[in-house]
Amino acid sequence: QVQPVESGGGLVQAGGSLRLSCAVSGRTFSDYAMGWFRQAPGKEREFIAAVSFSGGTTYYGDSVKGRFTISRDNAKNTVSLQMNSLKPEDAALYYCARGATLQAMDVMKGIIAYWGQGTQVTVSS
C-alpha cells in the first residue's frame with residue numbers, strides 16, 4: 001500500500017515562509033498527479049494545490065494563489081509546497097494526496113487514491 005508522508009510543518013510568524021515536503025515510495029510515483037489539501041478546526045477540507053504527473057500543469061486554490069507554489073521532483077519521489085507570506089488563516093493540518101490519475105485537474109476535483117496523515121502548520125501574529 002502507498003501512504004504519502006508529509007514533513008516540514010511547524011510554527012511560523014505571519015508574513016513568514018515555510019516549505020512542506022511529501023515523500024512517496026515506488027517507481028510509479030511519476031505516473032500520478034499529486035496535491036495538497038488543508039483542514040482547519042471547524043472547517044471543511046480545502047483544496048490548496050495540484051501538480052500533474054510531469055509537473056507541467058498546476059492548479060491552486062483561490063485563497064493561496066500567488067503565495068504558495070507546488071513542485072515535484074520525480075527523481076526523488078517527492079512533492080513540495082512552498083508557502084510564502086503566511087497569514088494566520090493559513091493555520092491548518094496540511095495533507096499530501098496522491099491522485100488516481102495523471103491529471104492535476106482530477107486532484108483538484110478530489111479524485112484521490114492515497115492520503116497522508118497530515119502535518120500541522122501554525123501561524124502566529
Side-chain angles (χ1 to χ4, degrees):
Q1 297 186 28
V2 178
Q3 288 191 25
V5 179
E6 305 97 335
S7 63
L11 175 65
V12 63
Q13 293 183 356
S17 298
L18 199 63
R19 186 177 181 88
L20 306 182
S21 295
C22 174
V24 184
S25 298
R27 293 194 299 273
T28 60
F29 174 81
S30 61
D31 292 340
Y32 300 97
M34 298 290 298
W36 290 92
F37 294 76
R38 71 187 183 191
Q39 187 167 23
K43 296 184 178 180
E44 296 296 314
R45 186 174 61 205
E46 177 186 12
F47 167 74
I48 299 301
V51 60
S52 64
F53 72 105
S54 66
T57 302
T58 58
Y59 295 99
Y60 295 94
D62 290 340
S63 63
V64 304
K65 191 174 182 62
R67 299 187 297 121
F68 291 11
T69 303
I70 188 171
S71 62
R72 68 188 299 159
D73 186 341
N74 286 345
K76 296 182 178 180
N77 284 16
T78 59
V79 60
S80 298
L81 184 69
Q82 178 65 47
M83 304 183 294
N84 297 327
S85 302
L86 283 162
K87 306 174 181 179
E89 50 263 46
D90 292 320
L93 191 64
Y94 282 71
Y95 295 93
C96 178
R98 205 215 75 179
T101 72
L102 300 95
Q103 304 300 320
M105 176 68 75
D106 289 339
V107 171
M108 187 176 67
K109 294 179 178 180
I111 305 175
I112 305 299
Y114 301 98
W115 292 94
Q117 292 183 318
T119 185
Q120 182 67 48
V121 172
T122 303
V123 183
S124 63
S125 61

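The structure places CG of D73 at 11.0 Å from OG of S30, a figure rounded to the nearest 0.5 Å. In this structure, CD in Q103 is found 10.0 Å from NZ in K109, a value given to the nearest 0.5 Å. Expressed to the nearest 0.5 Å, how far CZ of F68 lies from OG of S63 amounts to 7.5 Å. Interatomic distance, CZ of R27 versus CG of N74, reported as 14.5 Å (0.5 Å rounding). Here the CD1 atom belonging to I48 is positioned 10.5 Å from the CG atom belonging to D62, to the nearest 0.5 angstrom. If you take CE on M34 and CG on N77, they are separated by 9.5 Å, rounding to the nearest 0.5 Å.
For Q13, the CD atom sits in a loose shell: 12 or fewer heavy atoms of surrounding residues, nucleotides or ligands are nearer than 6.0 Å. More than 12 heavy-atom neighbours from other residues, nucleotides or ligands sit within 6.0 angstrom of CD on Q39.
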Report, one line per pair, each donor and acceptor closer than 3.5 Å where one atom sits in a side chain of residues 49-60; sequence neighbours left out.
{"residue": "S52", "atom": "OG", "partner": "G56", "partner atom": "N", "Å": "3.3"}
{"residue": "S52", "atom": "OG", "partner": "T57", "partner atom": "N", "Å": "3.1"}
{"residue": "S54", "atom": "OG", "partner": "G56", "partner atom": "N", "Å": "3.3"}
{"residue": "Y60", "atom": "OH", "partner": "I70", "partner atom": "N", "Å": "2.9"}

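Note: the hydrophobic cluster containing V79 also contains Y114 (ILVMFWY, side chain heavy atoms under 4.5 Å, direct or indirect links). A single hydrophobic cluster is not seen to contain both F29 and V107; linkage of ILVMFWY side chains at heavy-atom distances under 4.5 Å, directly or through other members, places them apart. By the criterion of side-chain heavy atoms lying less than 4.5 angstrom apart, applied directly or through intervening Ile, Leu, Val, Met, Phe, Trp or Tyr residues, V64 is grouped together with V12 in one hydrophobic cluster. A single hydrophobic cluster is not seen to contain both L102 and M105; linkage of ILVMFWY side chains at heavy-atom distances under 4.5 Å, directly or through other members, places them apart. V121 and F37 are not part of a single hydrophobic cluster, where members link through side-chain heavy atoms under 4.5 Å apart.
Scanning for salt bridge (charged side-chain N to carboxylate O under 4.0 Å, His left out) contacts around R45 gives an empty result, with sequence neighbours left out. Partners of Y94 under the ring pair (Phe, Tyr, Trp, His ring centres under 6.0 Å) rule, at least two apart in sequence or in another chain, do not exist in this structure.
When all heavy atoms of G61 and F47 are compared, the closest pair comes out as N-CE2, 3.7 Å. Across all their heavy atoms, A91 and T122 have their closest contact at CB-CA, 4.2 Å. The shortest heavy-atom contact between D90 and R67 is OD2-NH1, 2.7 Å. In terms of heavy-atom proximity, R72 sits nearest to A33 at NH1-CA, 3.8 Å. Annotation for P88 and A14: closest pair CD-CB, 4.2 Å, computed over non-hydrogen atoms. Between L93 and Q117, the shortest heavy-atom contact is CD2-O, 4.3 Å.
For E6 (side chain) and S21 (main-chain N/O), no donor-acceptor pair under 3.5 Å exists by modelled atom type. In terms of modelled atom types and a separation under 3.5 Å, the side chain of N84 and the main chain of S17 share no donor-acceptor contact.
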Let's go through S80 and R19 carefully: what are the C-alpha distance in whole Å and the side-chain angles of both, what is the deciding distance for side chain to side chain contact (heavy atoms under 4.5 Å, CB included) to 0.1 Å, and is it a yes or a no?
CA-CA 7 Å; S80 298; R19 186 177 181 88; 3.4 Å; yes
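Counting heavy atoms from C-beta on, the side chains of M83 and L20 come closer than 4.5 Å. Under the 4.5 Å side-chain criterion, counting only non-hydrogen atoms from C-beta, C96 is in contact with W36.
In this structure, R98 satisfies the cation-pi test against Y32, with its NZ or CZ atom closer than 6.0 Å to the six-membered ring centre and inside 45 degrees of the ring normal.
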